[in-house]
Every structure is written in structure tokens, then in C-alpha cells.
Amino acid sequence: MVWAKMKFPFEKRVKLAQGLWLLSWLATLGGAITFCLGCFLKTELRRRAEVMDNTETYIVPNTLIIAGMASMGINYFAGRICQDALDPYFCCSIFFTTLMLLGVILSFIMRGTLEGSLKVGLKNGIRFYKDTDTPGRCFQKQTIDRLQMQFQCCGNNDFKDWFEVQWISNRYLDFSSKEVKDRIRSNVDGRYLLDGVPFSCCNPSSPRPCIQYKLTNNSAHYNYEYQSEEMNIFVRGCREALLNYYIGLMNSFAAVVLSVFVVQGTVLASLRYLETSMEAVLGQENMEIETEGYLLEKSISETIMEYLDPVMKILLLNQVEDGQAKAEEGAAGTSAAPAK
Amino acid sequence: MALWVIKFDLPKRIKLAQGLWILYWLSVMGGILIFSMGLFFKIELRKRSEMMDNNESHFVPNLLILVGLTACGINAFGGKVCHDSLDTAKFAKWKPMVKNYLYGCFAFCIILFIVALLCFLVQVSLHFALAEGLKNGMKYYRDTDTPGRCFMKRTLDMTQIEFRCCGNNNFRDWFEIQWISNRYLDFSNDEIKDRVTSNVEGKFLMDSVPFSCCNPGSPRPCIQHHLTNNSAHYDYDHHTEELNIWTRGCREALVSYYGGMMNSIGALVLLVMLLEIADMVGLKYLTTSLETLENPENPESESEGWLLEKSVKETMSGIMEKIKTFGKGNQVEGEGAEAPATS
């Protein structure tokens, strides 16, 4: 009793074969698109690797790249394979199609990891902002500045993160000045903290020239009210900005990859129908008879059992062997005991 | 006595037709590329039209768009003629048009050359437009409350950030204008009153630049204000300080950006012109070789192809004659029309 049976008269078979040729080219194109999307996502993640802590999120683009390449290769040869090679083709195809679906699912799961990675990376970036003379960290300032200008954000959670970190290096602080000495002494760790932000937080759309320093001090600037000032600096945090950017990117890629997945599934189903409907025609005199095509020879549960049987046999066989060995041991033990 | 004769047998003719077909389609793609480059240039000009005082001329990008479309059309037609050339029945309907088509192609090549020249020359006009536009842009930087100019600040800031430049010629241009609006100046403050009264026109000038002039690559936090005052900042010497702010002027930056773009577009147009010339030569050889079949019934016979039927001098005089007869033809007709009118 077959699963998903369909009748195929001769014309329908011909149309199926022609449609399959077109579909396999579409699927090859889809595989190429998936590969390109994976490459693009990986490049974008690498570009901002300095503000990320770990590379665990790279599994998403890597999966897409592998699935895309394999899908391209397999679909390119879909039209050229002979009858004998169909089974391994189906296995490989199903595996790589599920890989695509897995890539999409992973892109949703990995968002938490991405956020955690960005949180730690940005925190370190802000901490090492002033270390432009330390090898290995001398470009942190430039990276963070360019990031804040490009993504129109300031700080990690928001601009107040800059108030908690000394972002001006000691090299540029005049320690003979009373003001500097007071500030450092008032702080437990001896850090020079101020209510100011770097210039890259400035919003170009602000109607007035940028106010970077003494942000919380209303009297330090003319006609300035800290609570109601909105456009002066970027208020959004960079973690939120970057996360939104990457999530938007992954959402649009997921939509495209899902449609490629659907096309690939259609190719597989059509090929299976063509194979099974042509099987019935083999050896017949009249090639134009109507035949039946199906997806699975038995029902779903029977097919699953058929594949799991060899696996179970291996496990069961071991158990049977164990049982026999124990019985023999027991017999040997009991026969040995009376001998004593 | 024909010039530059080549003998053609059937396989050679077929190869010529196939090669020419590919060349024509390459030229079509070249035409599409010119069209998209013209569109891109037009968009770039519009994006920065505020920097150019809103009166930049869109003549060159419009011309590029037109030329690109024409190239597509002409080369597609040529490709079709090529494709049909080896089938005598199909080629017969294109035969009468080939001569005029080749004259049209020749005129188009001259137009392409002129367009390429214009591309190289447009940089001069851009230079002047940008100088004027940037000067005004800086003057209106502070007018964020004046309708029509309220986005000048944002535009100029984004330009300085994107092109890594400061001011018109250099950063000192900011010292000569008041770029902080009076709305944000406390006129009860003594220092501000002194500055304003010390200036002839009552402008609040200072040796500072906007934040968009800051260089992110500087190792120290950006120094925007009191740039020429060494004692205002710790460990600062404005003569030796290089990385603090961008020193290049925005006019130079924008001109080199547009100049690079125009140079590449001009080179592309010249390349397409060379392709067109190759197409013309190939088509002339193909059509003449098809006309001179030794045995018209047998397509496999040998034939000759040439570029010019007579020598160069004879061809030129032939063309001059034609132009003269064309002019004379109108005159004769005119006289003929007048004569019956008077009679």
C-alpha cells in the first residue's frame, strides 16, 4: 500500500519530465543564491568581528554555504544521472535540503548567542577605547568611532555607558591641573570619569552644534536642558543597533532560503514521481499507457521501520549475544562449583 | 579596385558571422553598462546637488543615458542581421538597409567619441560648481531654522564625515564664518560680547571646527575648539598635530571623487566606441563577402570581402559628390517649382 499515489497518463509524464528540467535549473540557481547569501552573511559578521566576543554565530552562514554549494552541485547533475544512481542521489539531496532548513532554524536560535557576544565585545571595546598606544588594542578607538557613526548609536546599552568608563587616556590628562586631580581623587578606583561622550556620538541632524562634554550640567551650556534634549547625540545603544541590523539581514535571508527549500523539495518529489511512474512502463510494449507514481512504496510508519530495522537489529543482536554468553557463564559456574 | 580584400570560403564566413554575433551582443552589454553608468552619475549629482548650489548641469548624464539606449538598439539590430546573414532568404530582406545602417554606425562612433571627450571635460565645470556650492553651504551651516536651508548642516556634516574632509579649501575656512547660530550664544556672557564686538561685522568667529571634521583615526579624543591655542590643551602643538582633524578640503575631495568616476565612464565609452568600429568592419566584410559569391546558387562557393570598394580618395570624392547632388537636387527641384509658379 503506497503513500501519496498519483495517476500519470503519457502526456502528464512528458510534462513532468519537461517541468523537472526547468525546476532543476531553478534549484541550481536557488543553490547558488543560498551560497551567495551565506558568503555575504559571513563577510558582514567578520567585518564587525572586533566588537564580537566569540565566533559561535558563524555556524549559520557556514551551514548555508555548505548547503548552497552541495545543492548547486547535486541539482546540476540531476538531469544527467542514470536510473541506478537515483538512490544515493535522493539520500544526498534530502540531507542537504534538511541542512538548508537547519540553517534557517539555527538563524533564529543563534540570536541569543549573538546578543551575548555583542554585549561582551562592545563592553571591551568601550573599555579599551583609550588604549591607542597598546599593541593589539590600538585600533579599538577607530573601530568604535566608525561603528557609532555608521550605525548612529552611542555606547553599549545607551550613551551613559561612557560615563562609567575612563575613555580619555592618561597621556592627555594634565595631572598638575586642580580639576583633573579632584576628579581622580573623588573616584574610588582613581579613574578620570566625566559626563562626556566621544565625538562619534554626535548626531549630525541636531540643529545646534554638538554638545559632548558636561552633558548632565544644564548651566554649562546656554539654552540647554538635559532631560528634554533629544537630537544632540545618538541615544540608541550600539548593541541594539547592531542586533537589529543582523536580525533584519537574517530574516530576509531566511525568507529566501525557505523558498529555495520549497523549490528543492518540489524537485525531489517530481523526480521520485517520474522514477516510479517510468518503472511501471519499463518492459511494456506500449510506452503510452497510464501508470501510477508514488512517493513512498509503503506507508510512512512502515518506511521508517524499514530504515530503523538494521539499527535495531544491531542493538538486539548484541543483547541476544550477551544473554547467551551469560547463560554459558552461569552453566560453567554451576558446573565448576560441584567440581570443587 | 577594392581595398583590403580578404578571401572567404564557407567555414570562414560562418566563423565570421558567429564571431560578429558574439561581438554585437558584447556591444549591447556595453550599451547597457553606459546606460547604467549615466543613471548612476545622475543620481550622484542629485544626491549632492545642495553642495553644487542646485544649478549643476545634467547634460552629460542625460547624454550618456541616451547614448547607452541607442547603442543597445543599434547593436541588437546588427546582431539580428548577423544571425540571419547565413540564410540567403532571411538576409535578402536586410540587404538594402545595410548601407544606411553602416553610415549610421559611423556617425554613432563619432558621437561616442564626442561623449567621451565631454566626460573628461565635465570635471572643470564641476570644479567651479562645487567651489561656489561649498562656500554657500558653509555660510548657511548655522541656519537650521530657516526654511529651505534647515538641512544644510546635516548635509555638510555627512559630506565631511563621508569624504573625510573639512571646509572648502581646508579647515581654516571654518575660522572665517560664524557657524554657531545666535540662538545658542549667551549674549550676556562677557567673552562672547568681546568676540562679537572685536569683529567688524559683528560675527562670532572662533578658531574651532564642527565635530564632523574630527578624524576617528586620531589616538587622542578630538580637539575641536581653540585649535590654534597650544596652551588650551595638554600636550598639544597645532603645528605638528596631523591626525586630529581632517586637513583636506571638501572641494578637492569631491572633485577627485567625481573626477575618478568620470574618467572611468569616459574610458568605458571609448572602449565601446572601439567595439563599434570592430563591429562595423566585421559587418562590412560579411555583407560584401555574401554579395560576391562566385556561384550565387551554391552557398559553399568562395567569395571576396572588402572594406572599401574603391581607394580612399575615390571613396571620399564619391561621398562629396553624393552630398553635392543631394544639395543640388533640392535646388533643381526648387527651380523647377518656381518655373511653373511663374509661368
Side-chain angles (χ1 to χ4, degrees), chain A residues 129-134 137-150 152 162 165-177 179-180 192 194 196-213 218-225 229 231-234, chain B residues 140-147 149-162 164 174 178-189 191-192 204 206 208-225 230-236 241 243-246:
Chain A
Y129 184 85
K130 61 176 162 71
D131 296 335
T132 46
D133 53 349
T134 313
R137 297 185 202 156
C138 42
F139 288 111
Q140 281 287 19
K141 178 181 180 292
Q142 201 180 124
T143 310
I144 296 277
D145 276 336
R146 287 202 199 285
L147 188 78
Q148 293 190 147
M149 288 198 287
Q150 185 180 345
Q152 301 192 332
W162 289 107
V165 158
Q166 178 181 350
W167 55 273
I168 302 182
S169 173
N170 285 339
R171 303 199 303 288
Y172 307 115
L173 291 171
D174 182 7
F175 283 97
S176 57
S177 147
E179 192 227 322
V180 175
Y192 182 77
L194 65 158
V197 291
F199 79 93
S200 42
C201 284
C202 287
N203 185 355
S205 309
S206 162
R208 84 184 282 173
C210 185
I211 293 169
Q212 299 175 240
Y213 296 106
N218 282 350
S219 52
H221 317 278
Y222 180 63
N223 195 10
Y224 172 72
E225 163 110 26
E229 190 68 38
M231 302 255 280
N232 183 37
I233 53 173
F234 299 123
Chain B
Y140 303 141
Y141 184 83
R142 60 188 164 115
D143 296 335
T144 45
D145 54 347
T146 314
R149 295 186 204 154
C150 45
F151 288 112
M152 189 51 89
K153 177 184 180 293
R154 183 168 181 270
T155 311
L156 202 50
D157 278 335
M158 298 301 283
T159 306
Q160 292 192 149
I161 290 175
E162 194 181 328
R164 307 189 185 183
W174 289 110
Q178 177 181 350
W179 56 272
I180 301 185
S181 172
N182 284 339
R183 304 199 302 286
Y184 308 116
L185 290 173
D186 182 9
F187 283 97
S188 58
N189 185 319
E191 193 218 320
I192 293 182
F204 180 74
M206 38 179 205
S208 329
V209 290
F211 80 93
S212 42
C213 284
C214 287
N215 182 355
S218 160
R220 81 183 287 172
C222 185
I223 293 169
Q224 299 175 238
H225 303 283
N230 283 351
S231 51
H233 317 279
Y234 181 64
D235 193 17
Y236 172 72
E241 191 70 38
L243 288 177
N244 184 39
I245 54 172
W246 306 116

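Just so we're on the same page: letters track the sequence lines, and every chain starts at 1.
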Which bit of [X] is near chain B, if near means a heavy-atom gap under 4.5 Å: side chain, backbone, both or neither?
X: A:Asn223; result: side chain
X: A:Ile144; result: neither
X: A:Ser200; result: neither
X: A:Pro198; result: neither
X: A:Asn203; result: backbone

Top of [options] for chain B proximity - count of heavy-atom pairs under 4.5 angstrom:
options: A:Arg171, A:Gln142, A:Arg208; answer: A:Arg208
options: A:Met149, A:Lys130, A:Lys141; answer: A:Lys141
options: A:Asp131, A:Leu173, A:Thr143; answer: A:Leu173

Under 4.5 Å from any heavy atom of chain A - which part of [X]:
X: B:Pro210; value: neither
X: B:Leu156; value: neither
X: B:Asp235; value: side chain
X: B:Ile180; value: both
X: B:Arg142; value: neither
X: B:Asn215; value: backbone

Among B:Cys150, B:Ser181, B:Ser218, residue most engaged with chain A (heavy-atom pairs, under 4.5 Å): B:Ser218
All ring pair (Phe, Tyr, Trp, His ring centres under 6.0 Å) counterparts of B:Tyr236, not counting sequence neighbours: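 Testing B:Tyr236 for ring pair (Phe, Tyr, Trp, His ring centres under 6.0 Å), a comparison that skips the adjacent residues, returns B:His233.
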With sequence neighbours excluded, residues passing ring pair (Phe, Tyr, Trp, His ring centres under 6.0 Å) with A:Phe199: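 Counting only residues at least two positions away or on another chain, A:Phe199 forms no ring pair (Phe, Tyr, Trp, His ring centres under 6.0 Å).
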Distance, nearest 0.5 Å, that separates CD1 of B:Ile161 from CD of A:Gln150: 11.5 Å
Nearest atoms (heavy-atom pairs only) where B:Pro221 meets A:Tyr172: CD-CD1, 4.2 Å
A:Cys210 side chain near B:Gln224 side chain, heavy-atom distance below 4.5 Å: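 Answer no - side chains too far apart.
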B:Tyr234 side chain near A:Ser177 side chain, heavy-atom distance below 4.5 Å: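 The answer is no; the side chains never approach within 4.5 Å.
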Neighbour count above 12 (heavy atom, 6.0 Å) for B:Arg154 CZ: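 Check fails, neighbour count at 12 or below.
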OH (A:Tyr213) with more than 12 external heavy atoms under 6.0 Å: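 For A:Tyr213, atom OH is crowded (more than 12 foreign heavy atoms under 6.0 Å).
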B:Lys153 (side chain) donor-acceptor with A:Pro204 (main chain) under 3.5 angstrom: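 Checked: pair present.
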